Participant: 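Dumping the structure here so I can ask a few things about it.
Heavy atoms only: backbone and side chains are in, while hydrogens, waters and symmetry mates are out. Just so we're on the same page: letters track the sequence lines, and every chain starts at 1. This one's a predicted model, so the numbers in the text were calculated from it and none came from an experiment.
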Amino acid sequence: MTLNLSEQELIRTKKKEQLEALGIHPYPAATFATNTSAKDILTKYPTDPTRYQQVVLAGRLMSRRIMGSAAFVELQDASGRIQLYIHRDTLCPDQDKTFYNTVFKKLIDMGDIVGVHGHVFRTKMGTISIHVSQLILLTKALKPLPVVKEVVEQGTVKTYDAFTDPEQRYRQRYVDLIVNPHVREIFVKRAQLIRSIRQYLGVQGYLEVETPILQPIYGGAAARPFKTHHNALNTPLYLRIANELYLKRLIVGGYEGVYEFAKDFRNEGMSRFHNPEFTMLEAYVAYKDYLWMMDQVEILLEKVALDLHSTTEVCVGQHTINFQRPWKRFTLFEVIQHFTGIDVRGMDEAALRDVAHKLGTTVAASAGKGKIIDELFGSHCEPKLIQPTFITDYPIEMSPLAKRHRADPSLAERFEVICNGKEICNAFSELNDPLDQRQRFEEQLELGKRGDEEAMALDEDFLRALRYGMPPTVGVGIGIDRLSMIMTNAASIQEVIFFPQMRPEKQV
RNA sequence: GAUUCCGUAGCUCAGUUGGCAGAGCAUCUCCCUUUUAAGGAGAGGGUCCUGGGUUCGAGCCCCAGCGGGGUCACCA
C-alpha cells in the first residue's frame, strides 16, 4: 500500500533499501551492549580525562554538520546529548571509504538510531566529544523529526523552531519526548514524586494494595461513571470513580494501613485540570483521626518537595509555593468569613442563598445548604489560597462517607488541602457507624431521585462490611496529577499525563 | 456545552486592498581544513483543515463542518 508519503519519507525509504543492498540490516536484532552514557561522560570526563578511552554507547542522531572528510553529529541517549566527531580515515582506515562517503554521509540521517565505539577527547573548541572508530546502524528512521535548534547566547539558551503545537505534541508524544528534553524531565519528576510517596508510606508499614477497577456499583465519590458490560456475566460494570469503599473493606479485614495509587475514571468535562482518567493516591490508617492525618500530609508533601527540588520552595507560574511545615489551618467557616467578611455559620438555606446573591455567586436552584457553602468557598476563597492551606470541618451533607464532627453534628471531620488555588488533597475521619452510613446513603438516594446525577449509590456489601466493625480510621486522597502539576510547574494536566485524552484522530 | 482565537512545505512561521503560494531550517546535488543555529552554489517539495457560496479571480470575504488552544460553565 502506498500512503501519502512526503518527499522526505520516500527518500528515506529508498535509503533503507540501499543500505540493505550494501548488506547493512536497517533493523538488526542483536543486543547492543553499551558501557556508558552521554551524561556519565560529560560529568566525569573533566575530572578524569584518562577514563573513557573505550566507550560504547547508543542513541539517536539529533544533528549533523558534515565538512568533507570530517563530521560532527550529536547523539542523544536517555541521559542527554553528546557530540560525536567522525573522521573519514578513522572510520575507514583502509582504501575503501564507502562506509564514510556513502553509508554515513548519504544513507544515515538525523533521527536514525546508531551505536558507536570510540574514545573521549576535547575538540579545539573545548567540547567533550567522542572520536568514533566504529558506527553501527541500529534503527533506520523513515520519518524526519522536527528540527529544534538551541544555542547559548550570553548565558541564556535560545531555542529556534521549537516543536510546540499542543495537538501534535499530545497526539505524537513520542516525538515530543525526542525533541523536547524538558518534557522528558517532567515525567522523570512525576515518577520521583510517586516513588517518594510510596517510600514514605512503605516506611510507615502500610500495605500497598490493588482493588477492582471494574466495579458493579461505583462509589466513594460524587461523579458520573463510565459504564461497560461484561459478556460472560451478562452484567453492567462501571469503571471506578474511586476505590475508597474497597480500601475500607480491607481495613475491616484487619490491615491497619493500606494505600493504592489508583487510576480513577470520571465521565465529565475536560479542562486543563481534568482528564477523564487520572491518578489518585488513597490511603487509610486505622485507629487514627483527621487531625493526625493533617500532620502526616504536611510531613509527606514537605518531603516530596525536598526529594524533588532539594528545597521546600517550588516555583509555580507567578508564585513561589513553600511546603515547609506548618501550614495555615482554617475551618471552612473561618476562611469564608476571612475572604467575604460574612459569617455564614448557622445560616439556613434561604439566608445562604441571599449571601450568595449579594456576592454575585450563581447557585443552582437545586443546591442545598452544603452545596451553597461549597460554591461560596469555591468562588471567593479557593482561588486565593496559593500556599498550601488546610481547610477543615465541612458541612455534613457534602460528606456522606465522613464521620460526624465530635463537637458539632452538622459538620464532618474532614479537611482539604488547597494549593495554588486548587484542591490537591481530601481527607476525613471515616464514618464507621453502619446505621449512620445507611442513613447517609439513603439521603443520597433521595438526592438522586431529585435529579442529582452524582448522588452516590447504596452499596449493601459495603454496609455489611461495616456491620462487622471497622475500627476508627482516617482516609486521605491526593490527586497525583495535580500535585505533579505543582511540583513540575505545569500549566495543564496534559503536561503531566503522557497520553492525555483527545478526540480520535480522523483516519486518512 | 457557550464563547473566542488558530489551522499555509517535514518543522517554525510570513502572506499587504481579493490578483502568479513565500522565507528560514530540514531534504536532494556539488564544494568544504576540529565544527557548533557551520558556510558557499544550485534544485526539488503544497488537498493553503474539509465542503459549499460570492467573485472575472479566494490562502484571504460569507456559510456549514472537522480538529486544536484559551476563557467560562459543568466538574474535583
Participant: Whole angstroms only, please: what is the CG-C1' distance between A:L61 and B:U36?
Facilitator: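 In whole Å, B:U36 C1' lies 16 Å from A:L61 CG.
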Participant: Phosphate oxygens OP1/OP2 of B:C75: is one of them under 4.0 Å from a side-chain N or O of A:K371?
Facilitator: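 Checking B:C75 against A:K371, a side-chain N or O does come within under 4.0 Å of OP1 or OP2.
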Participant: Looking across every strand, which nucleic acid part, if any, lies under 4.0 Å from A:R272 by heavy atom: base, sugar-phosphate, or nothing?
Facilitator: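 Sugar-phosphate, backbone atoms only, no base.
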Participant: So, do A:F428 and A:Y290 have ring centers that fall under 6.0 Å from each other?
Facilitator: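 Centroid distance A:F428-A:Y290: not below 6.0 Å, so no.
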Participant: Separation of A:K143 atom NZ from B:A26 atom P, in whole Å?
Facilitator: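 For the pair A:K143 NZ and B:A26 P, the rounded distance is 19 Å.
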Participant: Say we look at B:U27 and B:G10: how far apart would their P atoms be, to the nearest angstrom?
Facilitator: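 Comparing P positions in B:U27 and B:G10 gives a spacing of 14 Å.
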Participant: From C-beta outward on A:E167, which listed nucleotide comes closest to its side chain: B:C74, B:U36, B:G67?
Facilitator: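 In terms of side-chain proximity for A:E167, the closest of B:C74, B:U36, B:G67 is B:G67.
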Participant: Take atom C1' in B:A38 and the same atom in B:A26, then report the distance between them in whole Å.
Facilitator: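 My reading of the C1' atoms in B:A38 and B:A26 gives 15 Å.
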Participant: Work out how far the C1' atom of B:C31 is from that of B:C20, and round it to whole angstrom.
Facilitator: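 About 34 Å, rounded to a whole number of Å.
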Participant: Among B:U34, B:U36, B:G68, find the nucleotide with the atom closest to the side chain of A:M502.
Facilitator: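 My answer, after comparing the listed nucleotides, is B:G68.
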Participant: Say we look at B:C49 and B:A9: how far apart would their C1' atoms be, to the nearest angstrom?
Facilitator: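 It comes out at 15 Å once rounded to the nearest Å.
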Participant: Quantified in whole Å, what is the C1' atom distance between nucleotide B:U47 and nucleotide B:A2?
Facilitator: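 Per the computed distance, 32 Å lies between those C1' atoms.
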Participant: Counting only Watson-Crick or G-U wobble pairs whose two distances fall under 3.5 Å, which nucleotide matches B:A23?
Facilitator: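 Partner of B:A23: B:U12.
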Participant: With 3.5 Å as the limit, what N/O pairs link the protein to nucleotides 27-29 of chain B?
Facilitator:
residue : atom : partner : partner atom : Å
B:C28   : OP1  : A:K15   : NZ           : 2.2

Participant: Base, sugar-phosphate, or nothing: which does A:A162 touch, judged by heavy atoms less than 4.0 Å apart?
Facilitator: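 Sugar-phosphate contact only - A:A162 comes under 4.0 Å of backbone atoms but never of a base.
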Participant: Taking the nucleotide of RNA chain B with the nearest heavy atom to each, does A:H131 or A:E382 sit closer to the 5' end?
Facilitator: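 Whichever sits nearer the 5' end wins; that is A:H131.
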Participant: Are side-chain N/O atoms of A:R65 and A:Q83 paired as donor and acceptor at under 3.5 Å?
Facilitator: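 Yes - a donor-acceptor pair under 3.5 Å links their side chains.
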Participant: Say we look at B:C62 and B:C6: how far apart would their P atoms be, to the nearest angstrom?
Facilitator: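 Those two atoms are separated by 12 Å.
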Participant: When the P atoms of B:G44 and B:U12 are considered, how many whole Å apart are they?
Facilitator: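 So the two P atoms sit 25 Å from each other.
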Participant: Is the closest side-chain donor-acceptor distance between A:T36 and A:R51 under 3.5 Å?
Facilitator: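 Judged by distance alone, the side chains do not pair up.
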Participant: Indicate, with a heavy-atom threshold strictly under 4.0 Å, whether A:R65 touches base, sugar-phosphate, or nothing.
Facilitator: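 Contact class for A:R65: base.
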Participant: Could you give the CE-to-P distance, from A:M67 to B:A38, as a whole number of Å?
Facilitator: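 One finds 11 Å between P of B:A38 and CE of A:M67, rounded.
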Participant: Taking only N/O atoms, report every protein-nucleotides 22-24 of chain B pair under 3.5 Å with atom names and distance.
Facilitator:
residue : atom : partner : partner atom : Å
B:G24   : N2   : A:D161  : OD2          : 3.2

Participant: With sequence neighbours excluded, what pairs up with A:F72 under the ring-ring contact (aromatic ring centres under 6.0 Å, His included) test?
Facilitator: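 In terms of ring-ring contact (aromatic ring centres under 6.0 Å, His included), with neighbours along the sequence ignored, A:F72 is linked to A:Y85.
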Participant: Under a 3.5 Å cutoff, is there a donor and acceptor pairing between the side chains of A:R81 and A:Q76?
Facilitator: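 Note: A:R81 and A:Q76 side chains meet the donor-acceptor criterion.
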Participant: Check for me whether A:R173 meets the cation-pi criterion with A:F499, that is, NZ or CZ under 6.0 Å from the six-membered ring centre and within 45 degrees of the ring axis.
Facilitator: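 No, A:R173 does not lie over the aromatic ring of A:F499.
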Participant: Under 4.0 Å, counting only non-hydrogen atoms across every strand here, what does A:S63 touch: a base, just sugar-phosphate, or nothing?
Facilitator: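 Nothing: the residue A:S63, judged by heavy atoms under 4.0 Å, touches no strand.
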Participant: I need the CE-C1' distance between A:M62 and B:C11, as an integer number of Å.
Facilitator: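 Going from A:M62 (CE) to B:C11 (C1'), I get 12 Å.
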Participant: Tell me, with the steps shown, if A:Q501 and A:N275 meet side-chain hydrogen bond (donor to acceptor under 3.5 Å, both in side chains).
Facilitator: CA-CA 7 Å; A:Q501 196 56 245; A:N275 195 61; over 6 Å; no
Participant: Could you identify the nucleotide paired to B:U3, looking across every strand shown and requiring Watson-Crick or G-U wobble geometry with both distances under 3.5 Å?
Facilitator: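 Base partner found: B:G70.
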Participant: Taking the nucleotide of RNA chain B with the closest heavy atom to each, which residue, A:L145 or A:S69, is nearer the 5' end?
Facilitator: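 On the 5' side of the pair lies A:L145.
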Participant: Can you find a side chain N or O atom of A:Q494 that sits less than 4.0 Å from OP1 or OP2 on B:G69?
Facilitator: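 Yes, such a contact exists.
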Participant: Can you check the distance between B:G46 and B:C13, where both ends of the measurement are the C1' atom (answer in whole Å)?
Facilitator: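 So the two C1' atoms sit 15 Å from each other.
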Participant: In whole angstroms, how far is the P atom of B:C72 from the CD atom of A:E268?
Facilitator: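 So the two atoms are 18 Å apart, to the nearest Å.
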Participant: Within the pair A:R171 and B:G68, is there a side-chain N or O less than 4.0 Å away from OP1 or OP2?
Facilitator: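 Yes, because at least one side-chain N or O of A:R171 sits under 4.0 Å from OP1 or OP2 of B:G68.
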Participant: Using whole Å, report how far CZ of A:F273 lies from P of B:C75.
Facilitator: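 Checked: the CZ to P distance equals 17 Å.
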Participant: Check the angle between the aromatic planes of A:F323 and A:W327 and answer parallel, tilted or perpendicular using the 30° and 60° thresholds.
Facilitator: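 Correct class here is perpendicular.
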Participant: Donor-acceptor pair under 3.5 Å: do we get one between A:E74's side chain and the base of B:U36?
Facilitator: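 By the distance-only test, no, there is no pair.
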Participant: Check the pair A:Y170, A:D176 against side-chain hydrogen bond (donor to acceptor under 3.5 Å, both in side chains), reporting the backbone distance first and the verdict last.
Facilitator: CA-CA 8 Å; A:Y170 303 148; A:D176 191 29; over 6 Å; no
Participant: Using a 4.0 Å heavy-atom cut-off, does A:I66 contact any base of the nucleic acid, only the sugar-phosphate backbone, or nothing at all?
Facilitator: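 Counting heavy atoms under 4.0 Å across all strands, the contact made by A:I66 includes a base.
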Participant: Please test A:E495 against A:T488 for side-chain hydrogen bond (donor to acceptor under 3.5 Å, both in side chains), starting from the C-alpha separation and ending with a verdict.
Facilitator: CA-CA 9 Å; A:E495 294 294 333; A:T488 64; over 6 Å; no
Participant: From the list B:G67, B:U12, B:U36, which nucleotide is the closest neighbour of the side chain of A:M125?
Facilitator: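 Of all the options, the side chain of A:M125 is nearest to B:U36.
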Participant: Output the rounded distance in Å from CG (A:D112) to P (B:G10).
Facilitator: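 Value for this atom pair: 19 Å.
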Participant: Between A:F498 and A:F187 (judged by ring centroids, cut-off 6.0 Å), do the two rings come close enough to count as a pair?
Facilitator: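 Ring-ring flag for A:F498/A:F187: true, centres closer than 6.0 Å.
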Participant: Quick one: label A:A223 by what it contacts on the DNA or RNA (base, sugar-phosphate, nothing), any heavy atom closer than 4.0 Å.
Facilitator: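 Answer is sugar-phosphate: A:A223 comes under 4.0 Å of backbone atoms only.
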Participant: Of the listed nucleotides (B:U12, B:G68, B:U34), which one gets closest to any side-chain atom of A:F163?
Facilitator: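 Closest of the options to the side chain of A:F163: B:U12.
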Participant: Rounding to a whole Å, what distance do you find between A:M270:CE and B:C72:C1'?
Facilitator: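 Computing the A:M270:CE to B:C72:C1' distance gives 17 Å.
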Participant: For A:F390, is the NZ or CZ atom of A:K328 found under 6.0 angstrom from the centre of its six-membered ring and inside 45 degrees of the ring axis?
Facilitator: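 No, A:K328 and A:F390 do not form such a contact.
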